[in-house]
Every structure is written in C-alpha cells, then in structure tokens.
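Accompanying notes for the structure given below.
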Amino acid sequence: MELYVYNTLTRKKELFKAINPPNVGLYVCGPTVYGDAHLGHARPGITFDIVFRFLNFLGYKVRYVRNITDVGHLENDADEGEDKIEKKARLEQLEPMEIAQFYTKRYLDAMDALNVRRPSIQPVASGHIIEQIEIVKKILDAGYAYISNGSVYFDIIKYQNDTHKYGILSNRVLEDMLATTRELDGQSEKHNSADFALWKKASPEHIMRWPSPWSDGFPGWHLECTAMSAKYLGEKFDIHGGGLDLLFPHHESEIAQSMCAFGHEPANYWMHNNMITIGGQKMGKSLGNFITLEEFFTGSHNLLERAYSPMTIRFFILQAHYRSTLDFSNEALGAAEKGLKRLLEAQRNIKKIIPSKENSVNIEEIKNKCIEAMCDDFNTPIVISYLFEAATIINKLIEGSEKIDEQGLKELNELFADWFVEVLGITDEQNSNMMPTIEGLVKMIIELRKEARENKDWKKSDELRDQLASLGVKIKDGKEGVSWSLE
RNA sequence: GGUCUCUUGGCCGAGCGGUUAGGCACCGGUCUGCAAAACCGUCUACUCCAGUUCGAAUCUGGAAGAGACCUCCA
C-alpha cells in the first residue's frame, strides 16, 4: 500500500517517497516554552505523533526531531525587541533558563498524558547557538545577508531576484508584502522592511546573549529550525511539519535560509496541521482565548463544564482530519468522550468472545480499509469510523447474533492492537496495576448482590448497585449475566 | 488591501461525479424486578444563484457569510 501525503508546497496529495528508505527524517516545530501548553498545542503534538506512529507501522525507521524554542523570538509590542522568555522571567523574578525548563517539563508532562510518543531528539535552541552562527556565516558568504549595526539581516530582494522562490510555500508575492509589512523594531537598520533578522544585537539589559562575530546577541527566530534540522536530519530531509500558522513567515524563511546556506530546499514534504477554534476563532495566546491542557484535565476553567481526560482530548482531535479546523465545545468533547468509552468497552469485551466454527464477519476487510484510510493522508476519522463498525460487530458476537472463528478472532485482536492502540495511540486509562484487585472486589460484591436478587431482595440489590455506582462502578444486568464497567 | 481556506442534518465531523461515512443527542422497539448497558429501527443534510453532465455535497462561474496568514503564535 502506498502512502499519499498532502504537500503544502504543491497543495496536492503526493506519493510519499523517502530519500533514503527505510529511513525517514521528520522535523516538527515545537513549542516556545514560556507558558503552559494549551489545547492548540495538542494538535501538532498528536498530528505528528500519528505521522510518526504510522510511518513506523509501515516499517520505516523514523528519526523524529521536535525542537524546544527557549530563546530567540522577538516581541514587538510594548517591550520592544525583548526576548519573550526574558520578559516573563523578569515578571516572575526568575532566571530565563529556569522558566524555560519549568515550562519544558510541563509541556512534556502534558504530551505524555496525551500519550504522544517522545520524539527521537528534542533539541533546544539555546544549545545550538554555534550551529546557528555557522549558518549565518554561510548566508553572509553567499551574499544573501548584510550586517547592520551589529545585527545581520536576510536580504529578501536579492534572494528573490536570484531564485524567485520567496513565496514558494505561502504563495505570497513579494511586491504585496513590501507594501503591507509593518514598522517593526530595528526597521531602520534594514535595507528593506520585509528582510528578517538572522542575528540580533542584544540591548544592554538583554540577559540571554551570546558572543558572535557581529555582536553580543541572539539568533533570529527562523534560524534555529534550519540549524537543528540540518544538524540532526541532514541538509535535505523528508518531512517538515508544524502548525498552519507557521507557514508564513517562519517556514517560508526556513526555505530561504536553506536555499542560501545549502543551495537547496530543506524538505521534500511540508505538512501543516490546521487550528483548533473556539467559537469559530483560532485558540491562541494573542487572543487570550486559550484553555490550557492542564485546565482540561482538571476542569478548572470557566468555559469548561467539567474535566476531560487526556484520552478524551486525544480522541476528540483524532475524530477530525488534521487539515480541517476543529471547533471546541463542551458538547463536542462530551460526544467524543462517550464515543471513546464505547470503543474502549468493545476492546475490553473482545476477551469475552468465544470463537465458533462458523464465521459471519469480515474483519480482514476492516483492517484493509484502515490501512487505506491512513495511506490517504492520515485520515484518522475514517479509521475511527471503522473501529466503531468493529465495536458493533463485537457486541453482536457477544450477543450471539454473529459468529466468528479462531482466525477471525485473531484478526479482531490485531485490529484493535494495531489500529486503536498502536497507530491511533489510544490507551485504556483504566488499565492500572490496581485493576486485578478492583476486578476481584467487584466480582465479590456482584456475587453478594446475586444472592440478594435470587431472594428477590430488590432493596438490598439496588443498594449494592447504588453504592458501587457512587464509587464509579456501573453494574449492567444483561441476558448473559452481570457485567460492570468503571466510569 | 493582498494571499489562502472554509460553509454538510439538533451538535461534532468524513466526503475528491453515481453505495444514507461515523460519533453524540432525540424518538420507537427488544431485553430487564426496576434501571443502565447492549442490540434493532427512525431522523436521509449538504449557504444561495446559475452552468457543465445521463447524473453534482463533490466540477465551473457568480453572490453571501466565516476564518487563517500578512506581527509573536501550534
């Protein structure tokens, strides 16, 4: 089965061909660690986790690099040119690195909770200043940058005249950009308003600074991804990912930097996840309309009716295709939660199925459809719809209205192991090491209740059921006996 | 203003010219001491207008609305 990937560069689904199979290099722009991760951060985390998982599933050996930005972004509001991390540090009277490490840990904890696999390498920008300086030198040597008052700027006009590539990714026309670019800090140092900083001279009060041939300062925002992707994946690698909001200017500028430093584009495929919206608007820091992942997990936000588990969040995100916007609401999350619960129960119920000699279901076909859906640009909602189909089949098998043989049952187990657990990365949050104990206790109580019911002691029977319910254990009296589940 | 994207049933969301995707909610039924769960069934939508086609949610043109980027952003 061949994998098709939507390439932002061509705006088409393209057959995926690795540069050096079975190896694949995957680079994704990670977070800037000066605040808690919000729901929006979960989107690229999960989207590229799926890419990572599925490529592995297909047999590729993936080196996945996701950076941590702990330096370098300029802020252009009231605190002119002040490094974002530093600004927050001053407010909280902490060292910039303390802030960065604090939020890095919080970010990773949130990703772990969402069962996002850790990338192969998570480089930090501040640890790659030398590499960034080397790239600035290369671009200067190539003649596509100039020094101005201790800062180094990328010369967009020259680049455009020579390569005609500025706008290749974002479809922008340079002339339009020149007309619309705002007045920014350091603008007077630039030859042209659209030029971007490769190296920025630090003001005297700027703490995060490093020596360079041009000034004590810090690298420009776009540079770190070029430096770190080249270092760990090579100057040309397979897939570059990130949020759609990074398309311009960040990714466009990365291409420009690579073109000038290495003579070619950095990546063959560019993938962009779409935004999560809230009331139809992008959730983000600028608008102040974000809800942190921590707040989702605990329910402590006035827009949240209650807490939502990490797996609910993960499932909610996977129910939409990564290139579509996804609108947050309590209703939508609640629906995701219930749907997920249904699949988890179906998964747990597989072990109750007794194989028969006959077989009336076709699991192999469902498995094939899952591969087909994922190979079509990672269509997770379609995979989920097939898992629901399988859940219905599982319920019918237990009820006896369908039959499955040994081979079919093996495939059913594989279906959930491969697609639900391995590729979609759904974990059963109830699978704790206390489960065997809980299981035993609940069975004991169910036995007691059974006695009460045989004696038609409905009061006692209902009492036991209610007490269990108050502890989150739900009793279900079915035709085939009593079953239970944790809420 | 420029570039790009989107508009699907009560809600969330697939869909890439011809099979009612799927989930959640609602309603009816089976089951049950009651309840829940499960199962079966019901609800057959594509912003509007025109065109192409035997056939359009899907292609083309136009209108309206919404959003993203153009400044840090996942």
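Just so it is clear, the model here is predicted, and its values are computed rather than measured. So that the names make sense, note that chain A is the first sequence line, chain B the second, and so on, each numbered from 1. Side-chain atoms are counted along with the backbone in the values below, which use heavy atoms only and exclude waters and symmetry mates.
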Mind checking [X] for me? I need base, sugar-phosphate or nothing, with any heavy atom below 4.0 Å counting as a touch.
X      : value
A:T325 : sugar-phosphate
A:K474 : sugar-phosphate
A:D327 : sugar-phosphate
A:R348 : nothing
A:I276 : base
A:N273 : base
A:I475 : base
A:H38  : base
A:N379 : sugar-phosphate
A:G40  : base
A:L244 : nothing
A:R453 : base

Suppose we call a contact any N or O donor and acceptor under 3.5 Å apart; does that hold for the side chain of [X] and the base of [N]?
X      : N     : answer
A:S401 : B:C39 : no
A:S461 : B:G33 : yes
A:D477 : B:C31 : no
A:R172 : B:C69 : yes
A:R465 : B:C34 : yes

Quick check for you: among [options], whose closest atom lies nearest to any side-chain atom of [X]?
X      : options             : answer
A:H41  : B:C12, B:A74, B:A21 : B:A74
A:D462 : B:C72, B:C39, B:G33 : B:G33
A:D245 : B:A74, B:C24, B:G22 : B:A74
A:K396 : B:C4, B:C39, B:G22  : B:C39
A:K13  : B:A74, B:A68, B:C16 : B:C16
A:P249 : B:C70, B:A74, B:A21 : B:C70
A:R11  : B:C4, B:G22, B:A74  : B:C4

task = Tell me, please, whether A:Y6 has A:R11 positioned over its six-membered ring: NZ or CZ under 6.0 Å from the ring centre and within 45 degrees of its axis?
result = no
query = With a distance cut-off below 6.0 Å to the six-membered ring centre and an angular limit of 45° from the axis, does A:R66 pair with A:F48 as a cation-pi contact?
reply = no
Whole-Å [atom1] distance, [N] and [M]:
N     : M     : atom1 : value
B:G28 : B:U53 : C1'   : 41 Å
B:G22 : B:C31 : P     : 27 Å
B:U60 : B:A66 : C1'   : 23 Å
B:U7  : B:G41 : C1'   : 32 Å
B:A37 : B:U30 : C1'   : 13 Å
B:C26 : B:C16 : C1'   : 32 Å
B:C34 : B:G29 : P     : 14 Å
B:G9  : B:A57 : P     : 14 Å

message = Are A:Y34 and A:F102 an aromatic pair, judged by ring center distance below 6.0 Å?
response = no
ask   = Does the ring center of A:H222 lie less than 6.0 Å from the ring center of A:H251?
value = no
Spacing of [X] atom [atom1] relative to [N] atom [atom2], expressed in whole Å:
X      : N     : atom1 : atom2 : value
A:L326 : B:C6  : CG    : P     : 16 Å
A:K282 : B:U5  : NZ    : C1'   : 14 Å
A:H250 : B:C70 : NE2   : P     : 13 Å
A:E345 : B:A37 : CD    : P     : 10 Å
A:F248 : B:G2  : CZ    : C1'   : 11 Å
A:L9   : B:C4  : CG    : C1'   : 15 Å
A:I317 : B:A14 : CD1   : C1'   : 17 Å

inquiry  = Between A:I393 and A:T277, which residue's closest nucleotide on RNA chain B lies nearer the 5′ terminus?
reply    = A:I393
Does a side-chain N or O of [X] approach OP1 or OP2 of [N] to a distance below 4.0 Å, or not?
X      : N     : answer
A:N395 : B:C39 : yes
A:S324 : B:A14 : yes
A:R323 : B:C4  : no
A:K476 : B:A38 : no
A:K285 : B:A74 : yes

Basic-acidic side-chain contact under 4.0 Å: [X], [Y]:
X      : Y      : answer
A:R106 : A:D109 : no
A:D477 : A:R449 : yes
A:E265 : A:K165 : yes
A:R348 : A:D428 : yes
A:K341 : A:E337 : no

ask   = Quick one, which residues of residues 106-115 of chain A touch RNA chain B with a heavy atom under 4.0 Å?
value = none
query = side-chain contact (heavy atoms from CB on, under 4.5 Å) with A:H321: which of A:D377, A:T380, A:N273?
reply = A:D377
Please answer whether the main-chain N or O of [Y] pairs with a side-chain N or O of [X] as donor and acceptor at a distance below 3.5 Å.
X      : Y      : answer
A:N115 : A:G425 : yes
A:H240 : A:C29  : no
A:D327 : A:G280 : yes

ask   = Given the rule that a pair is Watson-Crick or G-U wobble with both distances under 3.5 Å, how would you write RNA chain B in dot-bracket, using | for pairs to a different strand?
value = ((((((((.[[[..)..(...]]]..((((.......)))).....[[[[[..)....]]]]])))))))....
query = Which residues pass the ring-ring contact (aromatic ring centres under 6.0 Å, His included) test with A:Y159, sequence neighbours left out?
reply = A:F154
ask   = A:F388 stacking on B:G23: centroids under 5.5 Å, ring planes under 30°?
value = no
